[in-house]
S.K.: 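This is the structure I have questions about; it appears just below.
Note that the structure is predicted; figures quoted are calculated from it, not measured.
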Amino acid sequence: FGGGYGSSSPYPEMNILDMVNITTTGDAVDFGDLTVGRSANGMGGSATRGIFAAGRFPGPGNAQTTIDFVTFSSGGGANNFGDLHYNACTSAGFSDATRGIFSGGYEANTSPYPRTFEMGFITIASTGNSNDFGDCVERGRKDTCFSNKTRGFTVGGNNRIDSPSPNTSHDRIEMTIIQTKGSTVDFGEFGPDNALTGSTNCHGGAASQTRGIIFSGFSSPSAVRNVIEFLTLSTFGNSQDFGDMLTSGGSSGSTATGNNVKGVVKTTSASNGNVLEQVTIATTGNATDFGDLNTGRRLYGSVCDSHGGLG
């Protein structure tokens, strides 16, 4: 789990990396630091490397294009990978075993903070700046994201074009063929039978080869704070009800990751929250306790060395 910020300035938590062993339960341990402290977003990774990209430090003009990588087998923190080729805050990232993709976002340095359709990709085993992948279907901020070994998904977001416009969240689920540039299409929407609609406000996600898990990160309204949905990845269609999280709070800033079996989410338990919960992807039902972060904070980026995109 990388970056994020706590309850008060100067936000010393923004460079922190925490690590858990996802096959067990228990508390996180310190993994080191990002090269630049920020609310970094995950961009997937391989079995050896995890990628954190872009993000921002609170305040005007503090958006970042930095891409970092971590080596999962070591605890020495992150190294510089390169830069994202466009300025994108609050974007979604996913990967297979070789390629990482970043989708959408907004230009956080320039008022009125225009939303973008842009997507970028990197080759995980190398270093360097990202290259253009194509366009996403819906402009703007992206939230939940996950992948299997061929397809990447983004779920929900905010497509407000400029700051005076209404805060327009959307229910759209998009699908990308990871190894095919320009392949992003409309896949479905949130399911009609439960409360989770629009921007999920939860970053990252968890998936097996057949199913993706969508956790709520809402702070308000209370009816949607603890919702979990699942998406069947092999066919086009809408998400369905999975169960509920145990813990929810009045603050946004949650993130999730997982392997092919289990999803782990840092819940919305305030700006100093450290609660981690888990679900088994192949079943349905409510989340159970996993443990705690080493450093509690609002959090936007998480990566895993055995996620669904690795097969």
Side-chain angles (χ1 to χ4, degrees), residues 1-20 27-43 51-68 70 77-80 83-84 87-93 102 105-115 140-143 157-158 160 162-164 167 169 199-204 216-220 225 247-257 265-276 292-303:
F1 297 87
Y5 56 94
S7 56
S8 61
S9 180
Y11 308 112
E13 308 88 355
M14 295 199 78
N15 64 347
I16 290 174
L17 294 164
D18 285 350
M19 185 270 289
V20 299
D27 296 341
V29 297
D30 181 68
F31 191 85
D33 294 330
L34 294 169
T35 66
V36 178
R38 62 200 193 276
S39 56
N41 292 90
M43 199 176 179
I51 307 294
F52 292 94
R56 62 186 292 268
F57 196 92
N62 288 323
Q64 301 287 331
T65 57
T66 300
I67 303 174
D68 283 349
V70 297
N79 298 281
N80 183 257
D83 287 290
L84 199 65
N87 191 324
C89 187
T90 320
S91 303
F102 218 51
Y106 68 96
E107 217 284 37
N109 279 335
T110 307
S111 180
Y113 312 115
R115 272 53 176 169
R141 195 184 77 197
K142 306 288 183 179
D143 293 333
N158 180 289
R160 187 181 64 189
D162 53 45
S163 55
N167 193 16
S169 296
S199 171
T200 67
N201 284 316
C202 182
H203 303 273
S216 172
F218 275 100
S219 58
S220 179
R225 287 181 183 175
T247 306
S248 60
S251 174
S252 61
S254 60
T255 188
T257 189
V265 61
K266 184 271 175 189
T267 71
T268 61
S269 48
S271 293
N272 59 355
N274 64 350
V275 176
L276 299 174
D292 295 323
L293 282 178
N294 187 53
T295 302
R297 59 206 191 271
R298 294 181 68 176
L299 199 56
Y300 299 92
S302 52
V303 295

S.K.: So Phe57 and Met14, do their side chains get closer than 4.5 Å, heavy atoms only?
M.R.: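 Result yes, sub-4.5 Å side-chain heavy-atom pair found.
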S.K.: What pairs with Ser216 under side-chain contact (heavy atoms from CB on, under 4.5 Å), at least two apart in sequence or on another chain?
M.R.: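 For Ser216 the side-chain contact (heavy atoms from CB on, under 4.5 Å) partners, ignoring immediate neighbours, are Leu196, Phe218, Val227, Met245.
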S.K.: Please give me the minimum heavy-atom distance between Asn109 and Ala63, naming the atom from each residue.
M.R.: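 Closest approach of Asn109 to Ala63, heavy atoms only: OD1-N, 3.1 Å.
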S.K.: Taking the side chain as C-beta and beyond, is there a heavy-atom pair between Thr66 and Asn80 under 4.5 Å?
M.R.: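 Contact flag for Thr66/Asn80 side chains = yes.
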S.K.: What are the two closest non-hydrogen atoms of Asp33 and Ile16, and how far apart are they?
M.R.: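 Shortest heavy-atom contact: OD1-CA, 4.1 Å.
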S.K.: Of all heavy-atom pairs between Leu17 and Gly2, which one has the smallest distance, and what is that distance?
M.R.: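 For Leu17 versus Gly2, the nearest heavy atoms are CD2-CA, 3.5 Å.
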S.K.: Could I get the full list of side-chain hydrogen bond (donor to acceptor under 3.5 Å, both in side chains) partners for Tyr5, not counting sequence neighbours?
M.R.: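 With neighbours one apart ignored, the set is Arg298.
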S.K.: With a 4.5 Å limit on heavy-atom distance, are the side chains of Val20 and Phe1 in contact?
M.R.: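 Side-chain contact under 4.5 Å: yes.
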S.K.: Okay, side chain of Glu13, backbone of Gly6: is any donor-acceptor separation there less than 3.5 Å?
M.R.: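 Checked: pair present.
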S.K.: Of all the heavy-atom pairs spanning Asp30 and Asp18, show the shortest one and how long it is.
M.R.: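 Between these two residues, the closest heavy atoms are CA-OD1, 4.3 Å.
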S.K.: Report the residues that fulfil salt bridge (charged side-chain N to carboxylate O under 4.0 Å, His left out) with Arg225, sequence neighbours left out, ordered by chain and then residue number.
M.R.: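 If we apply the salt bridge (charged side-chain N to carboxylate O under 4.0 Å, His left out) test to Arg225, skipping adjacent residues, there are no hits.
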S.K.: Is there a side-chain contact between Ile51 and Ile67 (heavy atoms, below 4.5 Å)?
M.R.: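 The answer is yes; the side chains approach within 4.5 Å.
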S.K.: Under 3.5 Å, side chain of Ser302 to main-chain N/O of Ala256, donor-acceptor pair present?
M.R.: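 Such a contact is found between Ser302 side chain and Ala256 backbone.
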S.K.: Do Asn41 and Lys142 have side-chain heavy atoms sitting under 4.5 Å apart?
M.R.: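 Contact flag for Asn41/Lys142 side chains = no.
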S.K.: For a 4.5 angstrom cut-off between non-hydrogen side-chain atoms, does Ser169 reach Asn158?
M.R.: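 Of all side-chain heavy-atom pairs linking Asn158 with Ser169, at least one is under 4.5 Å.
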S.K.: Just do the side-chain contact (heavy atoms from CB on, under 4.5 Å) check on Val29 and Asn294 with the steps written out, would you?
M.R.: CA-CA 5 Å; Val29 297; Asn294 187 53; 5.7 Å; no
S.K.: Can you list the residues that meet the salt bridge (charged side-chain N to carboxylate O under 4.0 Å, His left out) rule with Lys266, with sequence neighbours excluded?
M.R.: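 If we apply the salt bridge (charged side-chain N to carboxylate O under 4.0 Å, His left out) test to Lys266, skipping adjacent residues, there are no hits.
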S.K.: Quick one: closest heavy-atom pair of Cys202 and Gly217, and the distance?
M.R.: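 Closest heavy-atom pair between Cys202 and Gly217: CB-N, 3.7 Å.
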S.K.: Work out which heavy atom in Glu107 is nearest to a heavy atom in Asn87; give both atom names and the distance.
M.R.: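 Reported closest heavy-atom pair: OE1-ND2, 3.6 Å.
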S.K.: Are side-chain heavy atoms of Arg38 and Arg56 found at a separation under 4.5 Å?
M.R.: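 Side chain of Arg38 against side chain of Arg56, heavy atoms only: no contact under 4.5 Å found.
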S.K.: Kindly say whether Gly249 contributes a backbone atom to a donor-acceptor pair with the side chain of Thr268 at under 3.5 angstrom?
M.R.: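 Judged by distance alone, yes, a pair lies under 3.5 Å.
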S.K.: Check whether Arg297 reaches the backbone of Gly3 with its side chain - one donor and one acceptor, N or O, closer than 3.5 Å.
M.R.: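 Pair found, side chain donor or acceptor close to backbone of Gly3.
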S.K.: Between Asp143 (side chain) and Asn201 (backbone), is there a donor-acceptor pair under 3.5 Å?
M.R.: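 Indeed, once roles are kept as given, a pair shorter than 3.5 Å links the two residues.
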S.K.: To the nearest 0.5 Å, what is the distance between OG1 on Thr257 and CG on Leu276?
M.R.: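 Answer for the OG1-CG pair, Thr257 versus Leu276, is 11.0 Å.
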S.K.: Taking the side chain as everything from C-beta on, heavy atoms only, tell me whether Phe102 gets closer than 4.5 Å to Leu84.
M.R.: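 Yes; the side chains approach each other to less than 4.5 Å.
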S.K.: Name all residues meeting the side-chain contact (heavy atoms from CB on, under 4.5 Å) criterion together with Asn274; count only those two or more places apart in sequence or in a different chain, and write none if there are none.
M.R.: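 Listed in chain order: Asp292, Leu293.
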S.K.: Can you sort out the partners of Tyr300 under ring-ring contact (aromatic ring centres under 6.0 Å, His included), two or more places apart, ordered by chain and number?
M.R.: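 By the ring-ring contact (aromatic ring centres under 6.0 Å, His included) rule, Tyr300 matches His203.
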